[in-house]
Amino acid sequence: MKHISSSLCIKTTLIKALKRTCSSCHYRITDLHKIAKIKLNLTAMEKALREILLKAVGSQQPEAVQIEIETPKEESFGDLSTPIAMSLSKILKKPPRKIAEDIVNAVQSLELEVKSSELFEKIDIAGPGFINFTFTKVFLCKELKELLEKHDDFLAENIGKGKKVQIEFVSANPTGPLHLGHGRGAALGAALSNLLNEAGYNVEKEFYINDAGRQVKLLGMSVFAKYKQSQGIDYPFPDDGYRGEYIKDLSEDFRVQGSELQVKDDDTLLKEITDFSYKKMLAEIKKDLEDFGVLFDTWQSEIELYKSNAVQQAIDDLKARGYIFEEDGATWFKSTAFGDDKDRVIIKKDGDYTYFTPDIAYHRKKILKGFDELIDIWGADHHGYVPRMQAVIQALGYPKEHLRVLLVQMVTLLRGGKPVQMSKRAGEFITLREVMDEIGADTTKFLFLTRRSDSHLEVDIEVAKAQSSENPVYYVQYAHARINSIFEKARQEAIGYRQEAIDFNGDLFNDEEMRIVKKLLLYPAMFRNAALAHEPHRITFYLQELAGMFHPYYHKHKVISEDTEVTKARLALCEAISIVLKHGLKILGVKAPEKM
RNA sequence: GCCCCCUUAGCUCAGUAGGAUAGAGCACAGGUUUCCUAAACCUGGGGCCGCAAGUUCGAAUCUUGCAGGGGGCACCA
């Protein structure tokens, strides 16, 4: 772990310091930059920079200079650094190191609430002109204390401010069991919703049920054919029918359930079978998700969209807005008006709607519900569908960013290093249920969140089952369990541990402990970035890194010793680690066990 | 043919809207347990960041071209 950084609050403090640098000249920090690295737009600070830094130069006023603050590569370079002097170098036509000196002098002569010398251990200039800031132990430990006192309020910045977000995910056709890909979408959707929730958004999780389309009909026909065949009738199986073993089970279940006993014509029977089948599949999907620990707030039925006339209303709406036209006997949506490759048919020549049409109505309904942001999680094979959906959003008068589509790549399952063959056509695929039963829901979720969602994922069942360091889930959970057992022992030995009684001036912490403290203080910034980027996998990585610092530390140092002061300080550190681990795991939807 | 994504250590992948000497896990080799949990720890070798140009103080990161892999291009869903 080379990158040691500090938390947002430290950054804020530093920013404050830099801001004060130029306070004499109406400088204002405008926007915190959206992503990751906190960049401050210093456009408003231009004048002050000119006064402070350019006085001697007398050149033109620099435009839109940004202060970047980043975490140095080398620990020895300090806790935070800024390349601002290099960025300014060209504009100011001065050597970066000279600019850096001016900035450092300015910062050091500032009157802050905290004296500069109490805040920074040292400020130095390195390399081509980086300014490196190293914080004092006292300051860092004060931050640690904040963490211990405020918990979630310290860790999770409120960036959502109550904004309403809807995340639609899984939305598997009720025509078969959930497979691994669905599982990955489920894990991502749930984690993202936890993440955004913690970040102060108001999140609704929705599952869209495709219960009206051709796929459901096909399911019904498949089961119907199986049913007929089971009665010795030579009935043709539909060409694109579903072929899994579960089709046979469905026909059997239908027979057992006995509603076919009254003699009916085939049409009625087919209808009943279709109805029975998809409802049964949907119930199984719900059960699977529940056992996976993924719960939805709302379930939107496609049939309901038709029944409530939402589909027709959506078409009328788009027509009124001038994006509907007739051609070749079909009705089209003019998606090319918003950058799509071609216009899209919404009512076919034969009068049927296309797959796209209810989806338009669905997304229109989402918009009407008044969300500030819509998020769809789709399989990557649907990526060609994104432009037309965003065209719909725009046609309805919203910017295309109003709908954010996250694509989830396929999951390859390995068993002992070899890919497990899957054939959709033959109905051979690995279900989420199988994997969940074999390796557990927690492990499955964690592994699904160890990669960026848009990159392929390989899951080796043998590795996932291993209870060893091969398995990252246990590694993280074990850190939590270990800390718990330390506290167990502390209780047994009746060590009177109270956070507020601890002297947090940092004298009691060694270098390794300070490294961990800094890592902990980095969590809020990581969290913020993960939320803004909609990337829960960053949490997974962070947790592995933190656990990777704790385990070696644990091995090397006894937390509980004869030295009661040190013991208490170490217990405080352990508690902070535990708080952070728990927070992260909760977002991933993974348990933080007390014992393992 | 057109469009999108990917290419970083033997393998699987990170790389924080361009920064300092590119990281982790696994695998491989060797070692650690009278101990708050060995589901752990320590030591070691590992790299043309696909290739080539460009942009600039500075590129794994941005641009363009090329090669390889995946996906998409329906009045299918």
Do side-chain atoms of A:T336 reach the backbone of A:G339 as a donor and acceptor pair under 3.5 angstrom?
->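 Checking the backbone N and O of A:G339 against the side chain of A:T336, no donor-acceptor pair under 3.5 Å is found.
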Please check the phosphate of [N] (OP1 and OP2 only) for any side-chain N or O of [X] closer than 4.0 Å.
X	N	answer
A:Y475	B:rC41	yes
A:R482	B:rA38	yes
A:K348	B:rC76	yes

For RNA chain B, the dot-bracket notation using Watson-Crick and G-U wobble pairs below 3.5 Å, [ ] for pseudoknot-type crossings and | for other-strand pairs, is (((((((..((((.....[...)))).(((((.......))))).....(((((..]....))))))))))))....
Distance-only criterion, 3.5 Å: show the donor-acceptor pairs between side-chain atoms of residues 378-385 of chain A and protein atoms not counting sequence neighbours.
{"unit_1": "A:W378", "atom_1": "NE1", "unit_2": "A:D376", "atom_2": "OD2", "d": "3.4"}
{"unit_1": "A:H383", "atom_1": "ND1", "unit_2": "A:A380", "atom_2": "O", "d": "3.2"}
{"unit_1": "A:Y385", "atom_1": "OH", "unit_2": "A:D359", "atom_2": "OD2", "d": "3.3"}

Checking all strands, does [X] fall into the base, sugar-phosphate, or nothing category for heavy-atom contacts under 4.0 angstrom?
X	answer
A:A490	nothing
A:A380	sugar-phosphate
A:Y554	base

Which nucleotide, [options], lies nearest any side-chain atom of [X]?
X	options	value
A:I560	B:rA39, B:rC36, B:rA77	B:rC36
A:P72	B:rA20, B:rC35, B:rA38	B:rA20
A:Q215	B:rC75, B:rA77, B:rC42	B:rA77

Return yes when atom CD of A:E562 has more than 12 non-hydrogen atoms of other residues, nucleotides or ligands closer than 6.0 Å, and no otherwise.
->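 Count not over threshold, so no.
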So does A:D352 have more than 12 non-hydrogen atoms from other groups sitting under 6.0 Å from CG?
->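 Yes.
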Interatomic distance, [X] atom [atom1] to [Y] atom [atom2] [nearest 0.5 angstrom]:
X	Y	atom1	atom2	result
A:H179	A:L413	NE2	CG	13.0 Å
A:E512	A:F550	CD	CZ	12.5 Å
A:T450	A:L543	OG1	CG	12.0 Å

CG of A:D352 versus P of B:rC75: gap in Å, rounded?
->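 Interatomic distance, CG of A:D352 to P of B:rC75: 14 Å.
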B:rC41 C1' sits how many Å from A:E512 CD, rounded?
->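 One finds 12 Å between C1' of B:rC41 and CD of A:E512, rounded.
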Between A:R515 and A:D511, is there a salt bridge with N-O shorter than 4.0 Å?
->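 Between A:R515 and A:D511 there is no salt bridge, as every charged N stays at least 4.0 Å from the carboxylate O atoms.
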So does A:D460 pair up with A:R415, basic N to acidic O under 4.0 Å?
->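 The answer is no: the pair does not qualify as a salt bridge.
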N/O donor-acceptor pair, side chain A:H383 with base B:rG72, under 3.5 angstrom |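 No, the side chain and the base share no sub-3.5 Å donor-acceptor pair.
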N/O donor-acceptor pair, side chain A:N132 with base B:rA20, under 3.5 angstrom |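 Looking at the base of B:rA20, it does pair with a donor or acceptor on the side chain of A:N132 (distance under 3.5 Å).
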Give me the distance, rounded to whole Å, that separates [N] from [M] when you measure between the [atom1] atoms they each carry.
N	M	atom1	answer
B:rU7	B:rG15	P	10 Å
B:rC66	B:rC73	C1'	23 Å
B:rC11	B:rG1	P	30 Å
B:rU21	B:rC42	C1'	25 Å
B:rG18	B:rU55	C1'	11 Å
B:rA52	B:rA14	C1'	27 Å
B:rA17	B:rG31	P	44 Å
B:rC57	B:rG71	P	43 Å

Between protein and nucleotides 8-14 of chain B, map the contacts as a letter string: B base, S sugar-phosphate only, - none, heavy atoms under 4.0 Å, written 5' to 3'.
-> ----BSS
Measure the distance between the ring centre of A:F77 and the centre of the six-membered base ring of B:rA20, then answer whether it is under 5.5 Å with planes under 30°.
->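 Yes, aromatic ring over the base.
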Using centres under 5.5 Å plus planes under 30 degrees as the test, is A:F130 stacked with B:rA20?
->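 Yes, A:F130 stacks on the base of B:rA20, since the ring centres sit under 5.5 Å apart and the planes are within 30°.
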Can the ring centres of A:F325 and A:F333 be said to be less than 6.0 Å apart?
->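 They do not qualify: ring centres at least 6.0 Å apart.
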What orientation do A:H537 and A:F541 show, parallel under 30°, tilted 30 to 60°, or perpendicular over 60°?
->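 Taking A:F541 first and then A:H537, their aromatic rings stand perpendicular (interplane angle over 60°).
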